[in-house]
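Right, one structure below, let's go through it.
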Amino acid sequence: MDRVRTILTVVAISTLTTCGALLIVGTNPVDVFSAFFKGTFSSWRHFAHVINVWIPLVICSCGLLFTFSLGLWNIGVEGQIMLGAVGTAWVMRHLADMTNPTVTLGIAFLMACLLGAIWATLSGILKIKSNVHEIFSGLGLNFVAQALVLWLIFGPWKRPGVASMSGTRPFPAAVWFPVPEGWRFSPIALVAALLVMGITAWIFISTRWGLLIRAVGNNSRAAEVHGISINGNFLLAMAVAGFLAGMTGYYQAVFVYHRLIPAISSNYGYLSLLVVMLAQYRWTPVPFIALLFAMLHVGSIQLPLTLNLDSSLGGVIQGILVLTTLGVVHFRRNS
Amino acid sequence: MDMSWGLFLGMIIASAAPLVVAGIGETLTERAGVINLSLDGTILLGAMVGFATSYATNSTFAGVLAAGASGTLVAAILGLLCLKWSAPQVAVGFVLTLLCRDLAYFLGNPFARIRGPQLTTISVPFLSDIDFLGTALFNHNILTYLSIVLIPLAWMHLYLTRSGLILRAAGENPEACRARGYMVMRIRFVYLILGGFLAGVAGAMFSLGIKPGWGRPQGAEGMGWIVLALVIFGGWNPVRVSAGAYVFASLQAMSNIVQNIWIGIPAQLLQVAPFPLMILTLVLINTSEKSYQPQSLTRFLALLKARPPAALGKDFSES
């Protein structure tokens, strides 16, 4: 009952503020909401685009559930996605011509997950060895990862002829994942995302580790008394989050862009942080919130053309939702 | 290279100015024990509000004030949620940074890619005619001059005044501060607001000064994160934070020149240099007691030594 009241309050406040922002720029909120609806539900193509955003969001958010459960702020997830994409592109560059496509795709997948996990573990090691807060190491590593991506695109991996912001040379057509006619996403990837979601839920519901990390997150002192290694669990949770972020990067590189581009992460790492925060760090609402965020994301793309608004409106609504939730939850805890 | 060194130095001072202003604001905020992670978004929002207001009123003064007000508002939201209702500072700051960024792009859309007013350069009479220093130091807009004045002012306030002592106490040992009868919450709120105001002004320094105009991207993106890194790198000391800002601005200015001479160094590496340094500083904070580094390295690392305010980011309830 309490939760329902929280949700209703959040929705009411968010709707009012959003409408306020729209009226400031002189737009009728009804037009905007119908544009969102048209941009996401009016055709299979549009909805397929939503799914294409939902898949990486869900995969990445699942990883963050583990770190958040331990109270870790894995803000470095953005860089972990980039490293996943870099690993993918590296394998594609060096192996695509040598082995058959299935093997290449498989090795690229492992490489992406491995690099993502290593990048995340780096933050974890800095935390447990040197007590560096994971926010600052993560942020720092994000910028290093972004520099690495740019350097690769403009340096060693530049297109023959001229380097440009449009990214590296596309991967060979043989390693493009087959997509059914008229679809924008691969059903195999959708199944994979659902599988990740299912395994995550299973870990939290019925494995010892799932219960354990939540216990540690709630009370690290008590866990220590009971002889549970907190540091080991920090590293493991970071590695799992990095693994899934690497998978997200793989999806972006193999399924969406077929090459490495400067904005390969599409900010999905930061967006996933918002998804999990809005879910109040529980796994059950994640797929639904990810769907809402994907709809806001895709629905915004047409706004500059149809209503002459900036496409950042989707981000504004997402931000207002999360900020209001934080406000309402902590206001009620404090009164 | 056919370029006056005075002009080059002047360029560095001008482009470091917003980082200095925002950096000093954040230093004061963090010294009081609050971390305002929303800086990157606040600066961008300030840039938009500053430009849009200047355009609408044709007054850069109004623009700068409005930019400061927008930063104040963002800081006040953080203060309400985190200081009053005890929400986690990092979470709220992070959401605010993304929200302000998108809000700036959204509300600023009508003002994108148009010409507008800019801060005028004021040449100090006589002084600006001095051969080298004149072009470097006395040919700036008013806010750049203020940024230079702000450095000793902030330092003096922090270390030489009574209120500076109380401010540091609020960030080091809020319980003792409270026991002495000071309103920790109010002190923190004041410096949070001040830091937000300065971050907003820093935004206007971009859109009305070194990166004139509004657009997506504006060019100030990422600067807030740099400032957060510089505050750590500078060990929460306004003078060192500002020094860091000048070093960063020099690196950026050089990266443009170096690229022409020496193609081997990619510009991206110089752009992100503050971040590994920030991580290194943080590592040193916690390993400085252990002395297993070789001698010469230790001496260099001693320069980076720092200690964060003990109660930084921690919730404090006055009951």
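As the structure is a prediction and not an experimental result, all values here were calculated from the model. Chain A is the first sequence line, chain B the second, and so forth, proteins listed ahead of strands; every chain is numbered from 1. The basis for the numbers below is simple: all heavy atoms, side chains too, and nothing from hydrogens, waters or symmetry mates.
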- Query: Is there a side chain to side chain contact (heavy atoms under 4.5 Å, CB included) between A:L309 and B:F106 once you walk through the steps?
  - Reply: CA-CA 7 Å; A:L309 294 172; B:F106 180 67; 4.0 Å; yes
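- A:S312 places a side-chain N or O within donor-acceptor distance of the main-chain N or O of B:D102, the cut-off being under 3.5 Å.
- At a 4.5 Å heavy-atom cutoff, B:A229 makes no contact with chain A through either its backbone or its side chain.
- Among A:R332, A:H133, A:H330, the residue making the largest number of heavy-atom pairs under 4.5 Å with chain B is A:H330.
- In terms of non-hydrogen atom pairs under 4.5 Å with chain B, the most contact-rich of A:N142, A:V144, A:N267, A:L274 is A:L274.
- Between B:F275 atom CZ and A:F143 atom CZ the span is 4.0 Å, to the nearest 0.5 Å.
- There is no contact between B:L80 and chain A, counting heavy-atom distances below 4.5 Å.
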- Message: Would A:L326 and B:L81 count as a side chain to side chain contact (heavy atoms under 4.5 Å, CB included) here? Give the steps.
- Response: CA-CA 8 Å; A:L326 279 167; B:L81 265 67; 4.3 Å; yes
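- Of the two parts of A:L313, the backbone and the side chain both hold a non-hydrogen atom closer than 4.5 Å to a non-hydrogen atom of chain B.
- A:Y270 and B:F94 have their aromatic ring centers within a separation under 6.0 angstrom.
- Here CG of B:L103 is found 7.0 Å from CD1 of A:I320. Values are rounded to the nearest 0.5 Å.
- Between chain B and the options A:I75, A:I135, A:D310, heavy-atom pairs under 4.5 Å are most frequent for A:D310.
- Of all the listed residues (B:P276, B:C82, B:P88, B:P110), the one sharing the greatest number of non-hydrogen pairs under 4.5 Å with chain A is B:P88.
- Contact check for A:V25 versus B:N109: no side-chain heavy atoms found under the 4.5 Å cut-off.
- When the shell of 6.0 Å around CZ of B:F111 is examined, it contains more than 12 heavy atoms from other residues, nucleotides or ligands.
- Remark: A:Y281 OH is packed, more than 12 non-hydrogen atoms of other residues, nucleotides or ligands lying under 6.0 Å away.
- Rounded to the nearest 0.5 Å, atoms CE (B:M278) and CG (A:L139) are 6.0 Å apart.
- Here the options are B:L98, B:L99, B:L78, the test is side chain to side chain contact (heavy atoms under 4.5 Å, CB included), and the partner is A:L323; only B:L99 passes.
- Under the side chain to side chain donor-acceptor pair (under 3.5 Å) criterion, B:T27 pairs with no residue, sequence neighbours left out.
- Between chain A and the residues B:L96, B:V90, B:L107, the most heavy-atom pairs under 4.5 angstrom are made by B:V90.
- A:N334 approaches B:K84 most closely through the heavy-atom pair OD1-O, 3.9 Å.
- The environment of CG in B:D315 is crowded: more than 12 heavy-atom neighbours from other residues, nucleotides or ligands sit within 6.0 Å.
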